[in-house]
Asks: 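Got a structure for you, questions after.
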Amino acid sequence: MPRLREVGRDDAHPFARSIYKMLFGERDPVKEPGTDTGTPGNWWTVFALVPDAFDHAVAGFQFYRSPKRKLSPKLRELGQIRAGWARGSQFVFSQHCKAARGVGFTEEQVQAVPHWQVATCFDELERAVLAYADCLVLSGGRTPDGVFDVLKKYLSDEEILELTYVTALYDFHAVISKALRLEYDDVDERIVEIAAPEGSGADVMRVVDQK
């Protein structure tokens, strides 16, 4: 379950209700969750807690899908899918695997995103986009000149700004999804203590002290 309460159809603000109708039909998504892509759909119902936040977030989705964008959908999706992987968001990664196929990436390429550094199925620009996504997500924006030089070789300044904005936006959504345990990021913490056998000593490394 998400860590925050969800907003049902009758309590949602008008814009959220219109989105609910497109995603869930006549169902109340809190009582009868589930979208066509198989997700529970609780990203929408939790964000609806704060109507301005819901509207702002949806405007971000509308921004990257707008026909005004100069950046190609393929490069956009490459940044998004890698951001999901690098940030460790099952939700963002899983959804954008599907989206990546939809814009023309092959199954080999989608499967290679986690290990793109040793894959041979990406061209020079695609490798630079993947490297840049890692710089944004894993290095906090610290980007070597060599990566940026390849981006500049192929892309306009406007395209690079759009790539930067959308990739960072999806890092943002990946972080929020994990923190609030939304959608496929509703997972238990895996880094926990595993109990030792009953009667064992507390000093597990004492063996190295013996002469």
Side-chain angles (χ1 to χ4, degrees), residues 35-40 42-43 57 60-61 63-65 69-194:
T35 69
D36 288 345
T37 62
T39 65
N42 56 42
W43 184 96
F61 304 150
F63 168 85
Y64 84 74
R65 295 176 61 87
R69 299 286 68 79
K70 296 182 181 299
L71 182 69
S72 80
K74 287 189 73 173
L75 297 180
R76 176 199 79 209
E77 287 298 334
L78 204 55
Q80 290 170 303
I81 188 175
R82 183 61 192 182
W85 173 267
R87 186 53 68 191
S89 168
Q90 178 86 354
F91 178 48
V92 172
F93 178 72
S94 177
Q95 292 302 90
H96 287 276
C97 283
K98 302 172 183 64
R101 295 185 190 98
V103 297
F105 281 107
T106 66
E107 189 63 27
E108 179 186 14
Q109 289 172 316
V110 172
Q111 294 300 320
V113 167
H115 59 270
W116 71 264
Q117 301 92 336
V118 295
T120 59
C121 53
F122 298 110
D123 63 26
E124 183 179 37
L125 174 56
E126 290 166 344
R127 291 196 302 274
V129 168
L130 288 160
Y132 189 43
D134 283 357
C135 292
L136 292 170
V137 178
L138 299 177
S139 298
R142 186 181 182 194
T143 305
D145 288 341
V147 172
F148 221 86
D149 289 346
V150 178
L151 294 177
K152 295 277 284 187
K153 177 180 174 181
Y154 293 98
L155 302 178
S156 68
D157 286 3
E158 291 85 354
E159 289 172 307
I160 295 172
L161 179 57
E162 290 179 1
L163 174 64
T164 305
Y165 183 86
V166 173
T167 303
L169 176 66
Y170 268 75
D171 182 25
F172 163 84
H173 280 297
V175 168
I176 288 176
S177 293
K178 291 173 63 181
L180 301 184
R181 294 183 64 155
L182 303 177
E183 307 288 356
Y184 297 144
D185 289 320
D186 184 11
V187 294
D188 292 337
E189 175 60 59
R190 66 176 300 272
I191 308 302
V192 296
E193 180 186 7
I194 305 300

Asks: Let me confirm one number: the CG-OG1 distance from L136 to T143, rounded to the nearest 0.5 Å.
Replies: 5.5 Å

Asks: Using the rule given for side-chain contact (heavy atoms from CB on, under 4.5 Å), can you reason through L169 versus H173, listing the C-alpha separation, both sets of side-chain angles and the distance that settles it, and then say yes or no?
Replies: CA-CA 6 Å; L169 176 66; H173 280 297; 3.9 Å; yes

Asks: So which heavy atom on I160 is nearest to which on L155, and how close?
Replies: CG1-CB, 3.8 Å

Asks: If you define the side chain from C-beta out and look only at heavy atoms, does anything of D134 sit under 4.5 Å from Q117?
Replies: yes

Asks: Show your reasoning for whether side-chain contact (heavy atoms from CB on, under 4.5 Å) applies to I81 and F105.
Replies: CA-CA 12 Å; I81 188 175; F105 281 107; over 6 Å; no

Asks: Does the side chain to side chain donor-acceptor pair (under 3.5 Å) test come out yes or no for E159 and Y154, once each step is laid out?
Replies: CA-CA 10 Å; E159 289 172 307; Y154 293 98; over 6 Å; no

Asks: Which atoms form the tightest heavy-atom contact between T37 and Y184, and what is the distance?
Replies: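 That would be O-OH, 3.9 Å.
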
Asks: Could you check whether R181 pairs with D188 (Lys NZ or Arg NE/NH1/NH2 to Asp/Glu carboxylate O, under 4.0 Å)?
Replies: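 Yes.
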
Asks: To the nearest 0.5 Å, what is the distance between CD on Q109 and SG on C97?
Replies: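 The CD atom of Q109 sits 12.5 Å away from the SG atom of C97.
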
Asks: Report yes or no: does R87 contribute a side-chain atom to a donor-acceptor pair with the main-chain N or O of V175 at less than 3.5 Å?
Replies: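 It does not hold such a pair.
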
Asks: Step by step, would you call F172 with V92 a side-chain contact (heavy atoms from CB on, under 4.5 Å)?
Replies: CA-CA 10 Å; F172 163 84; V92 172; over 6 Å; no

Asks: Specify the closest pair of heavy atoms between E126 and C121, including all atoms of both residues, with the distance to one decimal.
Replies: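 Nearest heavy atoms, E126 then C121: OE1-O, 4.1 Å.
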
Asks: About how many Å separate CZ of R76 and CG of L71, when rounded to the nearest 0.5 Å?
Replies: 8.0 Å

Asks: Taking all non-hydrogen atoms of both residues into account, name the closest pair between D185 and A174 and its distance.
Replies: OD2-O, 4.4 Å

Asks: Just wondering, do Q95 and E183 contact through their side chains at under 4.5 Å, heavy atoms?
Replies: no

Asks: Quick one: pull up CG in L180 and CD1 in I176 and give me the separation to the nearest 0.5 Å.
Replies: 7.0 Å

Asks: Quick check on D36: does its CG atom have over 12 non-hydrogen neighbours (other residues, nucleotides or ligands) under 6.0 Å away?
Replies: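 No - once you tally the heavy atoms of other residues, nucleotides and ligands closer than 6.0 Å, there are 12 at most.
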
Asks: Compare all side-chain heavy atoms of L182 with those of F91 and state whether any distance is below 4.5 angstrom.
Replies: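 Counting from C-beta outward, L182 and F91 never come under 4.5 Å.
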
Asks: List the steps and the verdict of side-chain contact (heavy atoms from CB on, under 4.5 Å) for T164 and Y132.
Replies: CA-CA 8 Å; T164 305; Y132 189 43; 2.6 Å; yes

Asks: Can you measure from OG1 (T167) to CD (Q80) and round to the nearest 0.5 angstrom?
Replies: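 Between T167 OG1 and Q80 CD, I get 7.0 Å after rounding to 0.5 Å.
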
Asks: With heavy-atom distances below 4.5 Å as the criterion, would you say the side chains of S89 and Y170 are in contact?
Replies: no

Asks: Nearest 0.5 Å please: distance from the CG atom of L151 over to the SG atom of C135.
Replies: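 Atom-to-atom, L151:CG and C135:SG are 9.0 Å apart.
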
Asks: Give me the one residue out of H96, R101, K98 that meets side chain to side chain donor-acceptor pair (under 3.5 Å) with E77.
Replies: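 In the set H96, R101, K98, the residue that makes a side chain to side chain donor-acceptor pair (under 3.5 Å) with E77 is H96.
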
Asks: Check V103 against P73 and note the closest heavy-atom contact, atom names and distance.
Replies: CG1-CB, 3.9 Å

Asks: Does the side chain of Q111 come within less than 4.5 Å of T106's, by heavy atoms?
Replies: no

Asks: Taking everything shown except E189 itself, do over 12 heavy atoms lie less than 6.0 Å from its CD?
Replies: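 It does: E189 CD has more than 12 such atoms within range.
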
Asks: Please determine if R69 and E162 form a salt bridge, counting it only when a charged side-chain N lies under 4.0 Å from a carboxylate O.
Replies: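 Answer for the salt bridge query: yes.
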
Asks: Answer whether the closest heavy-atom distance between the side chains of D186 and N42 falls below 4.5 Å.
Replies: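 Contact flag for D186/N42 side chains = no.
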
Asks: As a quick check of understanding, evaluate ring-ring contact (aromatic ring centres under 6.0 Å, His included) for W43 and F61, giving each step before the final call.
Replies: CA-CA 13 Å; W43 184 96; F61 304 150; 5.3 Å; yes

